[in-house]
Amino acid sequence: FFKEIKPFQSAVEPVDIVSYDILYHQLLKNIEFLFEKAVSANKKRWCDFRMHFQNVFVSLFYRDCISRNLEVRNCCVCYHTMIVETMGLVNLADSLISIRKLVFEEKKYTLAELTTGLKTNFVNAPDLLADIAKLPKFGQNNGLPETLMKQLADDVAEIAERFQTEDFFCVPSLHTLHNHISRGGLLEATADGRRKGEPLAKNAGTSPAVQTEHTSLILAASSWDQSRFSGGQPLDVWVSAKDWYDCENIQRYAALFRTY
């Protein structure tokens with residue numbers, strides 16, 4: 001897959017980024033390109049499995065395989081689902097807020113200055129990092145980040161649906177599990193204030209550095225349409241150990257978690 005996305009920079013025709021709308025449109029084109037490459041790689045791998053590997057045991061659990069007397073990877077099932085892990089989507093939403101506010105609305109920085117700050121891991125841009133830290137972040141339930149995350153999630157889900165056929169389902173997901181740590185370790189600094197190598201946001205929650213109340217976090221995570229993502233999105237909530245010694249607190253947490 002990574003060999004196939006080497007020509008990434010030249011795959012989407014570059015344009016002059018003179019407004020936030022142009023930037024966002026160009027971003028979606030890049031995301032669609034990555035989906036296209038991921039779908040192509042997945043189908044190729046599936047064909048390779050059909051040719052070289054058989055899994056009779058797993059096939060026994062598929063009704064279509066039994067009725068057709070075919071192995072699971074031999075096109076016997078009536079559908080094929082590809083899950084695209086979109087970890088980093090929350091970081092992307094927060095990063096877009098930084099660019100929208102600091103570059104296009106307040107005009108405090110240029111895109112070139114922002115890019116230079118990211119390339120140096122904010123070492124030479126402490127003022128930029130401080131300004132980013134002051135901006136609202138997803139999970140604090142103050143409006144703009146949640147609105148942007150909803151738009152971004154809807155657009156990503158729509159891109160995924162473009163690759164669906166009668167027997168092939170392409171579905172995005174935010175199930176990071178622990179992979180937000182390793183994937184974050186591969187990335188340079190991002191415009192949400194995340195430093196090089198730091199973890200990405202986990203599951204449907206905030207970036208690790210973002211402080212938020214439990215209710216705000218759940219309201220934020222519930223603000224976008226999770227039904228278009230695979231399997232419902234996990235949400236990590238930190239709970240103090242001392243809270244579990246109070247039965248009334250436990251009941252409050254239970255009620256809060258049920259709302260999600």
Side-chain angles (χ1 to χ4, degrees), residues 1-14 26-93 152-188 190 197 199-205 224-234 236:
F1 171 66
F2 287 104
K3 290 180 180 178
E4 291 190 38
I5 65 171
K6 273 189 176 181
F8 171 67
Q9 291 182 335
S10 60
V12 178
E13 183 178 353
Q26 196 75 351
L27 168 68
L28 294 183
K29 289 173 66 175
N30 286 321
I31 292 175
E32 184 172 14
F33 169 79
L34 289 175
F35 264 83
E36 179 183 352
K37 290 300 180 183
V39 169
S40 175
N42 179 272
K43 289 183 176 180
K44 182 179 183 300
R45 186 184 180 204
W46 190 258
C47 290
D48 291 342
F49 270 115
R50 286 173 52 199
M51 292 178 61
H52 304 292
F53 300 95
Q54 299 290 313
N55 197 325
V56 177
F57 178 74
V58 172
S59 302
L60 293 173
F61 295 92
Y62 286 86
R63 182 183 302 171
D64 297 328
C65 296
I66 296 174
S67 62
R68 299 175 183 176
N69 195 27
L70 291 172
E71 196 269 339
V72 62
R73 294 192 177 96
N74 197 25
C75 294
C76 70
V77 291
C78 61
Y79 55 83
H80 176 93
T81 302
M82 174 185 171
I83 307 298
V84 180
E85 294 296 349
T86 57
M87 64 184 73
L89 206 60
V90 170
N91 302 87
L92 179 55
L152 190 58
D154 285 342
D155 287 335
V156 168
E158 182 178 333
I159 289 172
E161 289 167 2
R162 292 174 193 166
F163 295 96
Q164 293 186 7
T165 60
E166 185 177 352
D167 58 353
F168 179 80
F169 294 89
C170 181
V171 189
S173 172
L174 267 179
H175 287 218
T176 66
L177 301 179
H178 64 279
N179 291 314
H180 68 296
I181 299 175
S182 60
R183 296 298 184 268
L186 299 174
L187 289 181
E188 301 293 322
T190 46
L200 296 167
K202 187 177 183 184
N203 296 318
W224 51 281
D225 186 4
Q226 294 190 12
S227 68
R228 303 179 75 180
F229 281 60
S230 172
Q233 308 310 299
D236 297 81

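Given the structure is predicted, the values throughout are model-derived calculations rather than measurements. The residues of the chain are indexed from 1 along the displayed sequence.
Scanning all heavy atoms of the two residues, the minimum distance from Pro234 to Asn203 falls at O-CB, 3.1 Å. The two residues Thr86 and Pro172 come nearest to each other via the heavy atoms CG2-CB, 4.0 Å. The shortest heavy-atom contact between His180 and Ala201 is CB-O, 3.7 Å.
Note that CG of Leu200 and CD1 of Ile181 are 10.0 Å apart. Values are rounded to the nearest 0.5 Å. For the atom pair CG of Leu174 and CE of Met87, the computed distance is 8.5 Å after rounding to the nearest 0.5 Å. With rounding to the nearest 0.5 Å, the separation of CG in Leu28 from CZ in Phe33 is 15.0 Å. Arg228 CZ to Ser173 OG: the interatomic distance, rounded to the nearest 0.5 Å, is 15.0 Å. Atom CD1 of Ile31 is separated from atom CD of Glu158 by 12.0 Å, given to the nearest 0.5 angstrom. Between atom NZ of residue Lys202 and atom NE2 of residue His178 there is a gap of 9.5 Å, rounded to the nearest 0.5 Å.
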Dump the intermediate steps for side-chain contact (heavy atoms from CB on, under 4.5 Å) on Lys37 and Leu34, then the final yes or no. CA-CA 5 Å; Lys37 290 300 180 183; Leu34 289 175; 5.7 Å; no
Discussion item. For Leu89 and Val156: C-alpha separation, side-chain torsions, deciding distance, then whether side-chain contact (heavy atoms from CB on, under 4.5 Å) applies.
Written reply: CA-CA 9 Å; Leu89 206 60; Val156 168; 4.0 Å; yes
Dump the intermediate steps for side-chain contact (heavy atoms from CB on, under 4.5 Å) on Glu85 and Asn179, then the final yes or no. CA-CA 10 Å; Glu85 294 296 349; Asn179 291 314; over 6 Å; no
side-chain contact (heavy atoms from CB on, under 4.5 Å), that's the test. Do Leu92 and Leu27 meet it? Break it down for me. CA-CA 10 Å; Leu92 179 55; Leu27 168 68; 4.1 Å; yes
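Ring-plane geometry between Phe163 and Phe35 is classed as parallel, the angle between the planes falling under 30 degrees on a 0 to 90 degree scale with a further cut at 60.
Within the 4.5 Å cutoff, no side-chain heavy atoms of Glu32 are placed close to those of Glu36. With contacts defined as side-chain heavy-atom distances shorter than 4.5 Å, the pair Lys43/Met82 does not qualify.
Under the 3.5 Å distance criterion, the side-chain polar atoms of Gln164 are left unmatched by any main-chain donor or acceptor of Phe169.
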